[in-house]
Amino acid sequence: MSKFDLLIRLAQDKLDEAAKRMKQAQQAQAQAEATLRQVDTFLADYQQRVLHMAQRGLGVGQWRDARLFLLKLEEARQQQQHELDRCVQRFLLEKQAWLGLRKQLKSYQVLQEREAERLSVRQRKAEQKQMDEFAARIGARGKDE
């Protein structure tokens with residue numbers, strides 16, 4: 001077990017949690033976009049309806065009611081656009097956090113790989129030294145005999 005195993009496991013857990021948060025933020029953004037499209041569609045449909053009604057003739061009261069409702073729909077659209085903007089910002093923050101954690105995990109993995117390579121080199125050198133000593137002993141016996 002490497003001294004980096006625990007760090008890597010903890011970093012992977014943090015990365016997984018960040019990925020979940022990023023996915024939730026992305027889903028919230030998609031939902032906010034869908035809601036905004038619905039509001040836009042309803043607003044356009046109602047504007048068309050009011051236009052058709054105006055062409056056929058609208059009373060002052062009907063015109064006032066239609067105009068007030070259009071203002072409320074436009075206000076709802078602005079609120080939904082604000083919600084979408086908030087969701088986009090949240091997603092971007094979560095993505096940035098995820099990227100930072102992924103970079104940290106990769107750093108730990110690189111350190112672990114380097115440590116493994118250093119151990120491997122050290123082990124090969126120790127094995128080579130043993131082989132050289134063994135060969136030297138065999139050579140020394142051959143001269144003694």
Side-chain angles (χ1 to χ4, degrees), residues 1-140:
M1 183 165 141
S2 167
K3 60 185 175 184
F4 294 103
D5 287 343
L6 178 61
L7 286 174
I8 288 172
R9 192 175 77 241
L10 292 174
Q12 184 64 57
D13 290 347
K14 286 180 181 180
L15 184 65
D16 293 345
E17 287 299 317
K20 287 177 189 175
R21 287 190 309 273
M22 186 173 65
K23 183 178 179 181
Q24 290 170 346
Q26 189 176 32
Q27 289 170 341
Q29 178 182 336
Q31 181 61 45
E33 288 170 347
T35 302
L36 182 60
R37 281 191 306 272
Q38 289 174 338
V39 171
D40 283 342
T41 300
F42 187 75
L43 179 60
D45 289 347
Y46 192 74
Q47 287 170 335
Q48 282 296 103
R49 223 176 328 156
V50 169
L51 183 62
H52 288 287
M53 290 185 327
Q55 289 171 347
R56 284 186 260 134
L58 276 178
V60 174
Q62 290 174 318
W63 178 250
R64 185 188 68 236
D65 291 344
R67 186 67 194 136
L68 287 174
F69 190 63
L70 279 171
L71 288 173
K72 289 199 182 286
L73 286 176
E74 289 170 1
E75 183 181 320
R77 191 209 180 281
Q78 288 175 350
Q79 288 174 353
Q80 188 57 38
Q81 181 63 55
H82 178 70
E83 175 64 14
L84 174 58
D85 294 344
R86 189 189 66 75
C87 288
V88 167
Q89 286 303 312
R90 179 174 166 237
F91 171 73
L92 292 174
L93 288 173
E94 294 296 347
K95 182 178 180 183
Q96 189 174 13
W98 180 81
L99 288 170
L101 290 169
R102 184 178 72 165
K103 183 178 179 182
Q104 183 181 38
L105 174 62
K106 287 184 181 287
S107 296
Y108 291 151
Q109 290 170 334
V110 166
L111 289 173
Q112 183 180 41
E113 290 167 7
R114 288 179 184 165
E115 179 67 17
E117 182 60 31
R118 277 193 294 271
L119 289 174
S120 177
V121 166
R122 192 177 308 146
Q123 185 177 7
R124 285 194 303 269
K125 283 182 180 180
E127 289 171 358
Q128 185 62 46
K129 183 178 177 184
Q130 285 178 342
M131 293 299 285
D132 291 347
E133 288 173 359
F134 181 71
R137 279 191 225 132
I138 289 178

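This one's a predicted model, so the numbers in the text were calculated from it and none came from an experiment.
Of all heavy-atom pairs between Leu105 and Gln12, the closest is CD2-OE1, 3.0 Å. Taking every heavy atom of both residues into account, Leu43 and Arg77 meet most closely at CD2-CD, 4.4 Å. In terms of heavy atoms, Ala32 sits closest to Cys87 at CB-SG, 4.1 Å. Of all non-hydrogen atoms in Leu7 and Tyr108, the two that sit nearest each other are O-CD1, 3.8 Å. Annotation for Gln112 and Phe4: closest pair CA-CD1, 3.7 Å, computed over non-hydrogen atoms.
Residues passing the side-chain contact (heavy atoms from CB on, under 4.5 Å) test with Glu127, sequence neighbours excluded: Gln123. For Asp13, there are no salt bridge (Lys or Arg N to Asp or Glu O under 4.0 Å) partners two or more places apart in sequence or in a different chain. Remark: Leu99 engages Lys95, Arg102 in a side-chain contact (heavy atoms from CB on, under 4.5 Å) (not counting sequence neighbours). Every residue two or more places apart in sequence or in another chain was checked for a side chain to side chain donor-acceptor pair (under 3.5 Å) with Gln24, and none qualifies. Not counting sequence neighbours, the partners of Arg122 by the side-chain contact (heavy atoms from CB on, under 4.5 Å) test are Leu119.
Between the CD atom of Gln104 and the CG atom of Leu10 there is a distance of 10.0 Å, given to the nearest 0.5 Å. The CH2 atom of Trp98 sits 10.5 Å away from atom CG of Asp16, with the distance rounded to the nearest 0.5 Å. Distance check: Met22 CE to Leu15 CG gives 8.5 Å after rounding to the nearest 0.5 Å. For the atom pair CD (Gln79) and CD (Glu74), the distance works out to 12.5 Å, reported to the nearest 0.5 Å. The distance from the CE atom of Met53 to the CH2 atom of Trp63 is 9.0 Å, given to the nearest 0.5 Å. Rounding to the nearest 0.5 Å gives a distance of 11.0 Å between CG of Asp65 and CG of Leu70.
Taking 4.5 Å as the limit, every side-chain heavy atom of Leu111 sits out of range of all side-chain heavy atoms of Glu115. Using a 4.5 Å heavy-atom threshold, the side chains of Arg67 and Val50 count as separate.
By the neighbour-count criterion of 12 heavy atoms within 6.0 Å, atom CD of Gln96 is sparsely surrounded, having that number or fewer from other residues, nucleotides or ligands.
Under 4.0 Å is where a charged nitrogen must lie from a carboxylate oxygen, and between Lys14 and Glu17 no such pair does. A salt bridge is absent between Lys106 and Glu113; no separation between the charged side-chain nitrogens and carboxylate oxygens falls under 4.0 Å.
A donor-acceptor contact closer than 3.5 angstrom links the side chains of Ser120 and Arg124.
Among residue pairs with one or both ends in residues 81-90, those qualifying as salt bridge (Lys or Arg N to Asp or Glu O under 4.0 Å) are Glu83-Arg86; sequence neighbours excluded.
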